[in-house]
Amino acid sequence: MITDVGYLAVSFALAASLYAVGASFWGATRNDDRFVQSGRIAATLTFPLILAGALGLWYALVTGDFGVKYVAQVSSLDTPLFFRLTALWGSQNGSILFWNLVMAGFIFFAMLKPWREDKPLLPYVTATMMLILAFFLFINLVVANPFERFLFPPSDGAGLNPLLRHPGMIIHPPMLYAGFTGFIVPFAFCIASLATRRADNLWLLASRRWMLVGWAFLTAGLFLGGRWAHDVLGWGGYWGWDPVENKSLVPWLIGTAFLHSAMIQEKRGMFKNWNVFLMLLTFASVIWGTAVVRSGVLTSVHAFAQSDLGPLFLAFIVVMLVWSAVLWLSRLDTLKSDNRLDSGFSREGVFLLQNVLFVSTALTVFIGTIFPIITEAVNGTKVTVGPPFYNQVAVPQMAALVLLMGVAPLMAWGRASARALGRMSIAPAALTLVSLAALFAAGVRQPIPLILFALSLYTLYQTLIEYGRGAAARVRSMGESWPVALGRLALRNQRRYGGYLIHIGVVLFAIGATGKGFYGVDVLRNIALNDTITVGNYAFTYRGLRAVPCEFNDCRTMQASMLVTDAQTGAIVGALFPHRDSYPIQQHTATIADVTGSWFEEVYVILAAWENNGATASFQIYINPLINLIWLGGAVMILGFLVAFWKAPEPVRAPRLAASLARGAAPSR
Amino acid sequence: MKPRFVIGFGVILVAIVAMMAFTIAANSNLEVRVNDLLAERAKGADLSERVFKLTGLVVGESIVYDPATFRLQFDLVNSRDELASSLSTAPRITVVYQGVKPDTLVHEAQAIVTGKLAPDGKFHAGNSPDALLLQCPTKYEKAEAAAGQ
């Protein structure tokens, strides 16, 4: 009954979105603001309507209404309340509803924001967003309906997929969905700007902050996904170049390129066509990514089930690509640059190079991901490319980007001076050389990790020195103390220093990824009871195996006990209790690792198997140096976003935007 | 934009595309089924250097595992029909894998093995974490090919 109301509410949301498309177009062509406003109200209403639908499904999940197919599929009588709530996005049909909810949430805020100078764009923004929402609502109602009921309800459900019973499940999918759907707002502004034949920066200024929000959510989603994989999948890693991971990375790379090149348009009025292209490409890659996970066209360890959504998504992507490309190409002439690129050796030049590298990296990952589809279409055989492809082709491009990140802030606009660049590079280069010597002495001898560490460290030092240089100027000229100068400098130019903080986060990640990638240890050992083996600097003693109560009612747990000591000194590093949970109903086994070691080096152990009631047991032992820098890098990136995004209230914002629009350029801030 | 920038970026892109092409040539795995691979071998081609992604169905009674050395061996046949009706005569490929025997390695499970057809006539799985992927024979909804551990 409640689910019928939910279904009805979602149907109304579809009707409202279609109405909003019609009213907005009508209002725009007839120049009748009443219709535009009516469309806006209808668009605003989609969020509460979809929320009502989601509440209906949540109600069914919490009350255990197994008459609803979806509820029976993702929960059972034993499922705790917490996982009943997260089960809303635990499988295909519900997660599309959740996707719609998040997307409508962004639309809700975009519709309610004060529309001033950007008001001419409103009807087109509304229509674009509503068309896209309507497509996903249609899928939700017709093809992937989470409200569907059984004719004869079962007495109990199958229970949530054991892999999804992890606290990360509260936060990882919502973050990723928010990242993906958040891009709908800047995309709609871009389309609206093209439709109204505007040549100014309006769409960019109006949507830049939305873009940043989407980007931050996507960043958080990527890192949380890596963390979840590391904690739950029991393989010691965080990233495996799986299609489902790649599909999130591609929009992230293109979106990051856009965030940078948008700055050039703001400051110099250049790259207008390129920015439109990047925006359209970002959103196209979002839809492509959604199709990859949802349709089951690619073999992946954690893809959704095979489904019949593939052709629908394909049709949608083609329509969207053709539509936006035609719109863009017909407006090419209006998007003339205000300035010319005079020299490649300039801030603009480096930004352009960086943009090309971001897009080519994205293209590399994209081609690697869809390679089986291409080859199957060409000659009927599926050919896949593995991690070596990405490591050899994408990683060098990323390393070059890390270096550019250090160099770009030193380059002047227009034309940079090689001498000034050289002068400013001396200190970071010297520090990098000293660090490399220390690394070499500590045993880091392979050339590739040395190069990667060098690039990361140079950029890290360069960024820190740049920050210090700015603060030193304040200390000298204003007589401020160092902490005050550092704080005020960042607050005076939040976008720049937030950006630097994000760069530092990326560098920390790069250092962590290099450490884990080149110096990580991964061995499989069979150990007899009370025997000790040595791996690296650690000694592992297997001390027994026992059955312990499982966290959930539908599983059984076997837990091993292991003592880890320092191989040289014999000092205790930690006691480990890795365990295996078997779920007979789902026919699934989860290997839950246990972790010890230091902040700089993680010791990660999995109980792989045992024989003769635990007389011997097999352990997969991973030693992951610097892996914590990966998580720290992610946290620093999000912190940098907050610095760049957070703004003290400014009563005069609107006139400032208007003034900057009149000048056709961004405020200097 | 000045022509020299266009040329410069053109050179970068060509270099990246060339890098892609070479890496793909060296690292791609052809997806084949048991019968495809047997047919290739019957043609007398030397396949020992080529990496394949082999898909087939596990013959339960052929599974041999030594936990002390982590040597796992099992046979794959092409289709479910062969498992059901003509198991004794169906063409098989023996797979050798170094690692822990996955719980999901049971009769009728679908296996995706990445590796090479060695001169000994057996298919040796590589040592990447996803060299042996298995999909349960039941109708469990998720495509849960638990990784090889």
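Lettering follows sequence order; numbering is per chain, from 1.
- For the set A/Val359, A/Leu353, A/Leu363, the entry with the most heavy-atom pairs within less than 4.5 Å of chain B is A/Leu353.
- Of all heavy-atom pairs spanning B/Phe70 and A/Arg525, the tightest one is CZ-C, 3.6 Å.
- Residue A/Asn613 qualifies as open at atom CG: its count of foreign heavy atoms under 6.0 Å is 12 or below.
- Only the side chain of A/Gln397 has a heavy atom closer than 4.5 Å to any heavy atom of chain B.
- A distance of 9.0 Å separates OG1 of B/Thr55 from NZ of A/Lys382, quoted to the nearest 0.5 Å.
- Annotation: the span from B/Phe52 atom CZ to A/Thr384 atom OG1 amounts to 12.0 Å, rounded to 0.5 Å.
- Of all the heavy atoms in B/Thr23 and A/Pro388, the pair that sits closest is CG2-O, 4.1 Å.
- Side-chain contact between B/Glu31 and A/Thr381: absent, with no pair of heavy atoms (C-beta onward) separated by less than 4.5 Å.
- Contact count versus chain B (heavy atoms, under 4.5 Å) is highest, among A/Val385, A/Leu357, A/Asp522, A/Val383, for A/Val383.
- For A/Arg556, the CZ atom sits in a loose shell: 12 or fewer heavy atoms of surrounding residues, nucleotides or ligands are nearer than 6.0 Å.
- Here the closest non-hydrogen pair linking B/Gly99 and A/Leu524 is CA-CD2, 3.7 Å.
- Side-chain contact between A/Val393 and B/Phe22: absent, with no pair of heavy atoms (C-beta onward) separated by less than 4.5 Å.
- The heavy-atom pair separating B/Leu13 from A/Ser360 by the smallest distance is CD2-CB, 4.1 Å.
- Only the side chain of A/Glu611 comes within contact range of chain B, judged by heavy atoms closer than 4.5 Å.
- Side-chain contact check for A/Thr616 versus B/Pro67: every heavy-atom pair is 4.5 Å or farther apart.
- Within the 4.5 angstrom heavy-atom criterion, only side-chain atoms of B/Ile12, from C-beta onward, approach chain A.
- Note: B/Asn29 CG to A/Phe389 CZ = 12.5 Å, rounded to the nearest 0.5 Å.
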